[in-house]
Amino acid sequence: MNGSWFPYGQDPIGFIAAWQRCITYWRKALGSNASKVAFIWSPNSGNGYPYLNEEYSINQNATDAATVANLKALDTNGNGVLDSLDDPYIPYYPGDDYVDWVGISVYHYGLQWPWVDNVVPILGKFEDYLQGVEDPTLGQLYGYYPFYTYFSSSTGCVNNITGAKASSGGKPLIISETAAVYHFAWVNSSTAGTPGEGETATPLEIKQGWWRQFLNTTFLDKYPMMKAVSTFEFIKTEELTWRDFTTVGGPNPNTAVNLTSFDSATAAGLAKDLASMSFIRFANATSSATIASFKMTLSGNTGNANIPHRQEADSETDGFLQSFSSTTAAQTAAAAGNGAVPGYHNSSSVETLQAHGAPITDRSLSKPEGERYDALDVIGDGDIAGDNSGSSTASRLNTWLRRIGAEVRGVEWVPPTERQDKNLWDSFFMWFSFNIAVTTAPVGSLAGPVFGLGLRDALLTIVFFNLVACATVAFLATLGPVTGLRQMIVARFSFGFWGASFISFLNVITQLAFSLIAVLVGAQTLIAMWTSLSMTGGIIIVALVTLVICFFGYKLVHIYERYMWIGVFIIFILMFSSGAGSYTVTDTTVGGQDLVTSVLALGGLVFGTAAGWGPVASDYNMYLPEQTSTLSVFAMTFFGNFLSLCFAESLGAVMTTAFAAKPDWSDAFDQSWGQLMSQALSNYGTGWQKLFVLILALSAVTINIPTTYSTALSIQALHPTFQRVPRAVWVIIGTIIYTVVSIAGQNSFLTLFQNILSLLSYWTALFFVVLFEEHYLFRRSTSGKGNVYTYRAHEYNSPEKLPLGVAGGAAIVVSVVAAVVGMSQAWFVGPVAQAIGGGDLGFELVLLFAGVVYPLVRVVELRVWGR
């Protein structure tokens with residue numbers, strides 16, 4: 001009832017009313033026999049809840065009274081949306097008077113979606129599903145809420161919305177469905193390889209690693225109200241793979257794949273473990289919590305005609321259990337010192353059971369061979385203790401951050417069920433807002449005064465280079481919904497683990513440099529109006545405002561950017577209007593090779609400004625559902641950047657053409673761009689001027705937000721060790737770094753501005769071309785699975801499964817050579833740049849060199865190493 005794959009799902013009000021009517025009717029109809037019937041309330045486990053983006057997911061934007069009432073009931077944490085932090089159980093609970101037993105369905109499909117790996121279950125996984133975990137990272141995998149405590153313990157639970165007692169607990173528990181899946185074939189037979197390729201876990205290791213987690217005395221003594229388990233005995237297709245859910249193997253519907261109909265090794269393992277447990281019923285004489293009864297059934301479900309029912313397997317299973325009961329009962333009873341009772345056996349104590357091999361689940365036990373901790377061992381030390389996903393200081397800090405509404409996710413993969421952001425217009429306005437800022441217009445203002453370009457040449461250069469650069473950013477943004485990963489983590493699927501670490505280091509420097517420019521321009525704008533304020537004071541103000549927004553993260557970033565651009569855009573128009581009648585179409589004052597040099601120099605700045613967003617593009621849309629239209633993401637990102645950049649940079653270029661008619665503007669520009677803006681707004685009176693200048697100064701925050709936010713993510717992407725430190729802490733550290741550096745370099749702004757933007761264009765060109773070629777040449781699926789599956793995004797932290805990085809490394813090397821020979825900086829001019837009169841061809845040559853070398857070496861890398 002809490003699922004979203006049936007039309008009656010996620011309707012708690014309607015469900016509870018219908019359930020109560022049915023129970024009332026049947027109890028009355030059964031009369032004196034009602035006590036012989038138990039009604040089981042059994043929701044789906046909370047992992048993945050609220051199962052968004054399914055066919056029947058509740059419409060969170062609906063306005064009809066019924067849906068609004070349901071949404072209110074489902075929003076248990078009161079944050080205004082239905083998300084993974086809401087309680088998946090209590091809103092659907094009909095009440096103790098209408099429920100005899102409770103049940104829950106628990107499965108092991110693998111480590112993480114898209115569920116194609118054959119791996120042994122992590123120790124304690126079954127218990128985590130049953131009880132949930134508080135940690136925000138693990139909670140995404142197992143759910144947050146304790147089902148057993150709520151309904152089967154004496155603790156019970158309270159409805160957070162009403163404050164009333166929802167359940168007093170004490171209900172017997174059945175595991176309504178459970179299985180450990182073995183993936184043995186692709187649904188699409190043309191898909192290369194097999195599921196779990198490279199994994200060594202056998203069906204026995206996987207299935208035994210699952211049942212041993214609950215078929216042991218320690219677990220059942222800890223959860224005495226767990227009275228029964230019903231296994232899911234099917235072999236069927238789901239999503240990408242043929243999946244064997246059966247306990248001991250069954251007939252294979254896919255005749256093209258050789259799978260034994262009955263896995264004797266798994267059957268023998270189950271028989272041994274059940275024998276050591278006394279199979280169906282036992283009493284624990286040494287424990288105060290006596291387990292009255294425990295039953296395990298292996299049963300198929302013939303109710304769904306679309307699922308191939310394993311009738312033959314049911315017969316085999318029945319035979320196996322009958323055989324097991326007759327052959328093991330005597331030896332089990334003899335070992336326990338008790339007489340045999342057919343089908344029900346007794347054992348004297350935990351010690352007796354342990355002596356005869358009863359498995360005991362304990363997190364301190366050594367990991368079984370083949371067990372994979374990739375998704376949880378973010379540090380890479382072979383243990384999940386102390387990780388950001390464990391009970392560490394970082395974990396407690398993340399819990400506190402979540403409580404105050406801050407984003408706790410760093411560079412971790414976002415599973416499809418966690419992707420809730422469906423507002424594509426947010427992408428457009430976010431990028432538009434990033435660029436409608438005081439830091440963008442100065443790029444265009446350099447065209448005439450610095451490079452000698454006339455207005456026509458300046459505008460053509462701005463439009464052309466933005467056209468190219470914004471297309472690169474738009475492409476990179478499309479990888480967010482495809483992978484659910486931050487941009488620097490996506491790079492691991494091209495550059496390899498260590499190559500991407502180097503790229504992340506470059507991006508840390510890049511984003512810190514952009515932040516440095518932003519706070520300097522913002523501070524210049526503030527002191528242009530408030531002369532008593534020092535440059536250092538202005539820098540600190542801009543940095544602190546940015547820090548607050550970035551600390552809280554993704555949602556607040558989008559909200560701030562959604563509206564901030566409006567005021568800045570209006571002020572830019574007013575600022576432009578104040579020079580009406582003074583603008584002229586200036587002529588270019590350079591020619592020949594000098595003209596080429598000037599166009600390339602300005603073009604490099606324009607390209608670097610726009611392309612600098614590429615290495616962070618997917619950071620801001622990886623919460624979009626994976627089925628989001630790639631074309632829509634591209635268009636929103638492209639036009640959001642292109643229109644805003646062309647507008648702001650053209651504004652800067654046009655305003656400088658008024659210098660001849662407005663010498664006061666020229667004098668102000670000689671001091672700073674902030675002084676020019678303040679002077680242009682002086683026509684509107686001191687009061688309005690101060691307000692406008694304050695808003696413009698805050699626009700420096702709009703461009704500083706993404707650079708600060710992504711600096712923190714890029715630091716985490718350097719190495720899994722850095723993931724131990726929460727994202728919000730890295731935001732603080734990054735803010736301190738660029739604030740200190742900008743204070744120290746505040747008197748060298750123009751030189752810093754030109755050199756930083758030019759150098760940025762070199763490596764961002766490399767980044768784009770490598771990811772572009774990897775995506776379209778090597779990740780495009782020909783099997784119908786789609787790009788999201790070919791990236792296997794859940795393996796982002798597994799170096800042994802990522803590309804080795806040979807091709808990425810080769811591309812980096814040739815890009816360095818290309819940049820050196822083509823660059824034209826004040827401190828060095830390369831030979832190619834000298835040959836054309838000093839024009840900077842650095843990023844163009846990087847695109848060419850890396851674009852040719854990467855695919856050639858990548859083909860070899862795949863053939864030799866296979867990844």
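Position 1 is the first residue of the sequence, and the numbers go up from there.
F768 places none of its side-chain heavy atoms less than 4.5 Å from the side chain of V473. Put simply, the side chain of Q511 reaches to within 4.5 Å of the side chain of F514, judged on heavy atoms. Side chains of I489 and M622 form no contact here, defined as non-hydrogen atoms less than 4.5 Å apart. In this structure the side chain of T739 reaches within 4.5 angstrom of the side chain of I539, judged on heavy atoms. F778 has its side chain within reach of Y854: a pair of non-hydrogen atoms, C-beta onward, lies under 4.5 Å apart. The side-chain heavy atoms of R858 and P803, taken from C-beta on, include a pair separated by under 4.5 Å. Side chains of T483 and S618 form no contact here, defined as non-hydrogen atoms less than 4.5 Å apart. No side-chain heavy atom of L766 sits less than 4.5 Å from a side-chain heavy atom of F849.
Qualifying side-chain hydrogen bond (donor to acceptor under 3.5 Å, both in side chains) partners for D619, counting only residues two or more places apart in sequence or in other chains: S710. Applying the ring pair (Phe, Tyr, Trp, His ring centres under 6.0 Å) criterion to F551, with sequence neighbours excluded, gives no partner residue. F432 meets the ring pair (Phe, Tyr, Trp, His ring centres under 6.0 Å) test with F428, W565; sequence neighbours excluded.
Between the S494 side chain and the V490 main chain, no donor and acceptor come within less than 3.5 Å of each other. The main-chain N or O of G410 is never found under 3.5 Å from a side-chain atom of W730 such that the two would form a donor-acceptor pair. In terms of modelled atom types and a separation under 3.5 Å, the side chain of Q716 and the main chain of V411 share a donor-acceptor contact. Side chain of S699 to backbone of V438: a donor-acceptor contact under 3.5 angstrom is found. Not a single donor-acceptor pair under 3.5 Å links the side chain of R727 to the backbone N or O of A712.
One finds the OH atom of Y623 at 14.0 Å from the CG atom of D426 (value rounded to the nearest 0.5 Å). For the atom pair CD (Q487) and CG (L476), the distance works out to 5.0 Å, reported to the nearest 0.5 Å.
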**Message:** Using side chain to side chain contact (heavy atoms under 4.5 Å, CB included), reason through V468 and F843 one step at a time and then give a plain yes or no.
**Reply:** CA-CA 12 Å; V468 176; F843 85 83; 5.6 Å; no
**Message:** Quick one, N797 with R492, criterion side chain to side chain contact (heavy atoms under 4.5 Å, CB included). Give me CA distance, side-chain angles, the key distance, then yes/no.
**Reply:** CA-CA 9 Å; N797 243 2; R492 292 180 180 177; 2.8 Å; yes
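Under the side chain to side chain donor-acceptor pair (under 3.5 Å) rule, Y738 has a single partner from N704, T546, T711, which is N704.
Heavy atoms from other residues, nucleotides or ligands lying under 6.0 Å from CZ of F634 number more than 12.
Below 30°, between 30° and 60°, or above 60°: for F767 and F495 the angle between ring planes is below 30°, a parallel geometry.
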